[in-house]
Q: 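Take this structure, written in structure tokens, and hold onto it; I'll ask about it next.
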Amino acid sequence: MAKNRIQFQKGLSLATFLKHFGSEGECAEALARWRWPGGFVCPACGARQGYVRLRTRKLLQCKHCRHQTSLTAGTLFAHSKLALTTWFLALYLLTQQKNGISALELKRHLGVSYPTAWSIKHKLLQAMLERDAGRKLRGVIQLDDVYWGGERHGQKPGRGSPNKVPFVAAVATNQEGHPIALRMSRLSGFRKAELKAWAEKFLDPDAMVLTDGLACFRGIAAAGLEHQPLATGGGPASVELPEMTWVNTIIGNVKGAMRGSYHNASGQHLPRYLAEFCYRFNRRFNLAAMLPRLAWAALRTPPMPYRLLKLAEVHW
Ligand SMILES: [Zn+2]
């Protein structure tokens with residue numbers, strides 16, 4: 001199933017992937033190139049005099065100060081006993097499949113244990129989350145409130161229902177009304193102060209924001225942005241608003257994909273799943289480049305031990 005999907009999808013073909021990243025040496029060379037595009041920089045002394053590769057261990061020794069480091073030290077790939085080819089195959093599967101890949105599927109494809117597959121996936125999702133954290137949406141933004149979990153088929157769940165995780169979805173559109181960028185963020189609740197803080201962090205001050213009439217969206221104007229509440233009391237009626245077509249379509253797609261792959265995704269890890277959709281959406285026009293771009297981001301994301309990955313309450 002997965003193989004056919006890969007073969008017929010526009011993007012990086014499996015054959016091309018294997019040709020470039022099929023061996024440990026090729027993967028190591030690629031990582032070195034992406035980590036140090038201008039040549040090796042010693043993390044201890046900053047010298048650019050190159051390194052000596054120590055044969056006995058996978059260590060690089062700075063030619064200037066003899067500091068020993070590794071290709072992956074200080075990055076998301078640090079402290080991993082996995083072969084680089086395993087990491088690269090994970091990068092491939094995660095970036096080239098239309099809706100990503102669940103930890104369970106990843107486990108089967110990589111031939112690793114479930115906790116290992118889960119850890120690989122969530123580390124890479126963390127890189128996606130951190131990579132997009134600093135980007136602000138601009139232009140005309142369709143913003144809506146969403147709950148994850150427990151809604152009845154085809155209906156928007158009642159606001160404030162218990163056991164549901166609240167999040168917002170925001171789609172920036174261009175002058176032609178085409179969707180350009182997506183951000184989804186978990187919130188602790190739909191409160192004005194929280195929306196204000198969120199807007200200040202993630203929306204351009206010149207953006208124009210369309211929402212339904214839910215009271216918390218007054219936080220948008222409180223953040224100093226132009227806010228246009230549309231005439232509706234919220235609830236199922238807001239789904240029909242033509243001004244909100246893109247955000248509603250995307251929310252539908254996200255929920256559909258989440259039900260397929262992550263039906264038991266916990267609220268705790270929801271921000272990473274949401275970040276995955278956004279990362280993919282924001283780069284959907286260049287699928288093939290997504291693999292090196294994600295590897296590049298992972299090389300600039302600090303190490304994230306399994307314990308932290310599992311326990312940390314991810315916010316926004
Ligand atoms: Zn050095």
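Every number for a ligand or one of its atoms is a count from 1 in the order of the listing. Along the sequence shown, residues are numbered consecutively beginning with 1.
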Q: Working to the nearest 0.5 Å, report the span between OG1 of Thr16 and CZ of Phe21.
A: 10.0 Å

Q: Nearest 0.5 angstrom please: Phe17 CZ to Leu14 CG, how far?
A: 7.5 Å

Q: Do the two ring centres, one from Trp87 and one from Phe77, sit under 6.0 Å apart?
A: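 Yes: the rings meet the under 6.0 Å criterion.
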
Q: Find the distance between SG (Cys65) and CD (Gln49) and round it off to the nearest 0.5 Å.
A: 9.5 Å

Q: Is the distance between the ring centroids of His122 and Tyr273 under 6.0 Å?
A: yes

Q: Do any protein N, O or S atoms sit under 2.8 Å from the Zn ion (ligand 1), and which ones are they?
A: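 Only Cys42 SG, Cys45 SG, Cys62 SG, Cys65 SG fall inside 2.8 Å of the Zn ion (ligand 1).
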
Q: Report yes if the side chains of Glu276 and Lys121 come closer than 4.5 Å at any heavy-atom pair, otherwise no.
A: yes

